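These notes concern the structure reproduced below.
Read the numbers this way: they start at 1 and go in the same order the structure lists the ligands and their atoms. Only heavy atoms go into these numbers, but all of them, side chains included; no hydrogens, no water, no symmetry mates. Everything numeric in this text was worked out from a predicted model, so none of it was measured.
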Amino acid sequence: MALKHLEVSGLRNLTSVVFDSSPALNLLVGANGSGKTTVLEAIHLLGMARSFRTPHARKLIQQGKTAATIFGRIEAAGVEHAVGVQKTTADITQLRVDGQRLESASRLAEILPLQLITPESHSLLTGEPRERRAYLDWGLFHVEHGFLELWKRYRRFLEQRNAALRNGAGAAELEQWERGLSESGETVAKLRSSYIQQITPVFGSIYARLLADEPPRLAARRGWPKELSLLEALEKNRNSEGALGYTLSGPHRADFRLVLPSLLDAAETLSRGQQKLAVCALRIAQMQHLQEVTGRRCTLLLDDLPAELDVDKRRVLMEVVAASGAQCFVTATDGDLVDTSPWEEASVFHVEHGVVVEVV
Ligand SMILES: Nc1ncnc2c1ncn2[C@@H]1O[C@H](COP(=O)(O)OP(=O)(O)OP(=O)(O)O)[C@@H](O)[C@H]1O
Ligand SMILES: [Mg+2]
């Protein structure tokens, strides 16, 4: 998969941007406020139908305009797809692939598997468990056929049990939802655990390379006590959860931590730059694993590469990304801060006041 061509209009300060991109490295250079991150935001909208900066369409649509439109040509498995995403101030999102309207964004994600690393990305380690679950589920969505359906089924049972708890339902009614909930929940947990095992060696070698240190262990929590089956945990907590009105056990409460060889928690021990590199290792490991298992390439959006990384780490990171086989879009305020030498092919773009021009 690779984004070959991008057109953006009405997105923040990008009035009308059109360019062809390299299937390897694309370096976007420009002053603060020039529109670099907005180009990455456009690509993110194309692959995920949402921004990584705001959930509010109104904020990302150019002031005075009624819609932001992104169009891309994407090569996936030897076939070129025309993909369009439009957000309007009336908060309507329209998705199109090859002229057909789409109802959900999952097809976009299949065509353009994306990973994003920004200056805020350390929050994968230090932030809410929700982010780490989303990380695992990104991987499972792409490598495990039927995972999305399984997850939706689990969520439906969960909502039904929560509604029953709130209505003060008795054991017989709760049991009806708990069977389906525990069955789908146990499967989700097994798939996540197997996924963690699969990416651990890939993550370990990338981490060792990036941080020049022994890698941490990914310690997973599946979301309910080890000694109980999910069904047993649900039954046991009926009374306490009845008072709360929601379910406390299950894979919707799962999490993982990075445990360093010293047994300390990486989120509480690593420096900010090291945390960023650990997150890079996690994200690049997913892309590399996806490519190994399915042959599909990812596109990595790397915003403000120099932030918090010294010159050596920036170089090693570029080597690792190049070796991962991903297409990459990198932004920087100064092109000299990014070493393009690990890449056989690179396109450099200058971004100024919302205009993107390829430097040849
Ligand atoms: N809704 C909007 N309408 C018009 N302009 C906007 C809107 N939202 C943001 N902008 C402007 O768009 C520009 C794009 O900002 P962007 O974050 O892409 O810059 P950048 O090149 O990544 O800068 P930095 O190097 O500081 O990260 C900013 O100048 C911002 O003021
Ligand atoms: Mg920026």
Could you tell me whether W151 and Y154 have their ring centroids closer than 6.0 angstrom? yes
Heavy-atom contacts with A31 under 4.0 Å: which atoms of ligand 1 show up? List them by number with element. 21 (O)
Shortest protein heavy-atom distance from atom 8 (N) of ligand 1, along with the residue and atom involved: R12 NH1, 3.4 Å
What about Q62: any of its N or O atoms under 3.5 Å from an N or O on ligand 1? no
Could you find the nearest protein heavy atom to atom 3 (N) of ligand 1 and give me its residue, atom name and distance? Q63 N, 3.1 Å
What protein heavy atom sits nearest atom 22 (O) of ligand 1, and how far away is it? T37 OG1, 2.7 Å
Ligand 1 contact on K59 by region, counting heavy-atom pairs under 4.0 Å: backbone
Output all residues satisfying ring-ring contact (aromatic ring centres under 6.0 Å, His included) with Y246, sequence neighbours left out; order by chain, then residue number. none
Ignoring waters, how many protein N/O/S atoms are under 2.8 Å from the Mg ion (ligand 2)? 1
Without swapping roles, check the side chain of R132 against the backbone of F256 for a donor-acceptor pair under 3.5 Å. yes
Does only the side chain of I61 get under 4.0 Å from ligand 1, or the backbone, or both, or neither? Count heavy atoms. backbone
So which protein heavy atom does atom 23 (O) of ligand 1 come closest to, and at what separation? G33 N, 2.8 Å
Please evaluate residues Y195 and H289 with respect to the criterion ring-ring contact (aromatic ring centres under 6.0 Å, His included), reporting the C-alpha separation (whole Å), side-chain torsions for both, the decisive distance (0.1 Å), and the verdict. CA-CA 10 Å; Y195 181 70; H289 174 259; 5.4 Å; yes
Can you tell whether the side chains of D312 and R315 come within less than 4.0 Å, N to carboxylate O? yes
